[in-house]
Amino acid sequence: MAKPVLVLNGPNLNLLGTRQPEIYGSTTLEDVRKLCEIAGQRLDLGIRFEQHNSEGEMVTAIQSARENASAIVINAAAYTHTSIAILDSLLASELPVVEVHLSNIHRREEFRKNSYVSQAATGVICGFGAKGYEMALDAVADLLKTQS
Ligand code: DQA
C-alpha cells in the first residue's frame, strides 16, 4: 500500500472560516480536509491531514512523515516566515514538498514575502484559496509519477 501524502497545516488555520474571512475566505479547515480527500480519491493518493498550532508539533509531524508519508503539502501559516526548524525538518525528510498558502503572500505585508519553507519546496501555490490545496495535490501526483 502506497504511503499517504501528509497535508500539514500550521497555527491559526483551525480558525479558517471565521478568521479574517476577507483574506482567507469562508471555507473552514474541515472543508479543506474534505476537498483534499476528494482530490486524493481522484488521484489515488491517501491523505493524512493534520493541523498544529505549535512549531514543535509541526516538526514532529514532519519527522514522522520521513517514514510514514510519500510527500508533504504544507501550509506552515505564520511559521512560513520565521521557522528554520520547520525548514530543517523538511530538508531532512528528503520528501517532495509543495508549499501552499490561501492568500497571495506576495501582495501582502513585506514580512510575508520571505518563506523559509520555499527553500525546501519543489513549488509554491498561493493566492487561490482552498483550491490551492487541490492544485498542490495535483502537483504531488505528478512529482510521484516522475519519481517512480
Ligand atoms: C497563510 C499566509 C501566512 O502569512 C499567514 O501567517 C497565515 C496563512 C495563508 O494561507 O495565506 O496564517 O499561510
Side-chain angles (χ1 to χ4, degrees), residues 1-17 19 23-106 108 112-148:
M1 179 89 177
K3 292 178 185 174
V5 177
L6 173 65
V7 180
L8 184 59
N9 295 280
N12 299 307
L13 291 174
N14 53 316
L15 302 179
L16 270 187
R19 171 195 183 203
I23 296 176
Y24 298 115
S26 55
T27 311
T28 65
L29 192 64
E30 185 55 21
D31 295 331
V32 176
R33 189 180 63 74
K34 285 184 191 143
L35 182 150
C36 288
E37 273 166 12
I38 291 167
Q41 279 164 16
R42 173 173 60 79
L43 297 164
D44 204 19
L45 295 173
I47 303 293
R48 185 182 167 91
F49 194 88
E50 295 188 23
Q51 188 272 334
H52 300 288
N53 283 325
S54 80
E55 189 177 20
E57 283 174 307
M58 291 193 65
V59 168
T60 301
I62 295 164
Q63 287 184 3
S64 324
R66 194 185 151 92
E67 299 301 324
N68 304 327
S70 57
I72 301 174
V73 169
I74 182 167
N75 182 351
Y79 291 136
T80 304
H81 318 295
T82 62
S83 180
I84 296 168
I86 289 175
L87 167 62
D88 283 350
S89 57
L90 289 169
L91 291 171
S93 77
E94 295 178 0
L95 291 171
V97 174
V98 178
E99 177 181 358
V100 182
H101 300 283
L102 296 145
S103 64
N104 181 350
I105 55 174
H106 300 288
R108 299 183 61 193
R112 292 189 206 272
K113 291 186 181 159
N114 177 57
S115 165
Y116 285 106
V117 169
S118 292
Q119 307 249 354
T122 303
V124 184
I125 295 163
C126 72
F128 295 100
K131 172 85 185 162
Y133 284 76
E134 196 180 335
M135 296 162 86
L137 287 167
D138 278 326
V140 161
D142 283 352
L143 288 170
L144 293 176
K145 259 185 226 147
T146 48
Q147 213 178 55
S148 63

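Note that this is a predicted model, so its numbers are computed, not measured. In what follows, residues are counted from 1 in the order of the sequence shown.
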Can you tell if the side chain of [X] reaches within under 4.5 Å of the side chain of [Y], non-hydrogen atoms only?
| X | Y | answer |
| --- | --- | --- |
| I86 | L90 | yes |
| H52 | L8 | yes |
| P11 | M58 | yes |
| S115 | V124 | no |
| L144 | L45 | yes |
| L13 | L102 | yes |

| query | What's the verdict on side chain to side chain contact (heavy atoms under 4.5 Å, CB included) for I47 and L137, showing C-alpha distance, side-chain angles and the deciding distance? | reply | CA-CA 10 Å; I47 303 293; L137 287 167; 3.8 Å; yes
Checking the side chain of [X] only, and the main-chain atoms of [Y] only, is there a donor and an acceptor separated by less than 3.5 Å?
| X | Y | result |
| --- | --- | --- |
| Q51 | G10 | yes |
| T80 | A77 | yes |
| N9 | I74 | no |
| E134 | A39 | no |
| S70 | K3 | yes |
| R19 | Y24 | no |

| field | Under the side-chain contact (heavy atoms from CB on, under 4.5 Å) test, residues paired with K34 that sit two or more places apart | value |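 E30.
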Search all heavy atoms of [X] against all heavy atoms of [Y] and return the closest pair with its distance.
| X | Y | answer |
| --- | --- | --- |
| L16 | L29 | CB-N, 3.8 Å |
| V32 | A130 | CG2-CB, 4.1 Å |
| L95 | A69 | CD2-O, 3.5 Å |
| E55 | A85 | OE2-CB, 3.9 Å |
| L6 | A65 | CD2-CB, 3.8 Å |
| S103 | I23 | CB-CG2, 3.9 Å |

Going from [atom1] on [X] to [atom2] on [Y], what distance comes out if it is rounded to the nearest 0.5 angstrom?
| X | Y | atom1 | atom2 | answer |
| --- | --- | --- | --- | --- |
| I72 | I62 | CD1 | CD1 | 5.5 Å |
| C126 | E99 | SG | CD | 8.0 Å |
| I38 | Q41 | CD1 | CD | 7.0 Å |
| N104 | K113 | CG | NZ | 9.5 Å |
| Y79 | N12 | OH | CG | 8.5 Å |
| T82 | L87 | OG1 | CG | 11.0 Å |

| Taking everything shown except R48 itself, do over 12 heavy atoms lie less than 6.0 Å from its CZ? |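 Result for CZ/R48: open.
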| Mutual orientation of the aromatic rings belonging to Y133 and F49 [parallel < 30°, tilted 30-60°, perpendicular > 60°] |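 Tilted, since the angle between the ring planes falls between 30° and 60°.
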| field | Residue list, salt bridge (charged side-chain N to carboxylate O under 4.0 Å, His left out) with D138, at least two apart or on another chain | value |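 Expected list: R42.
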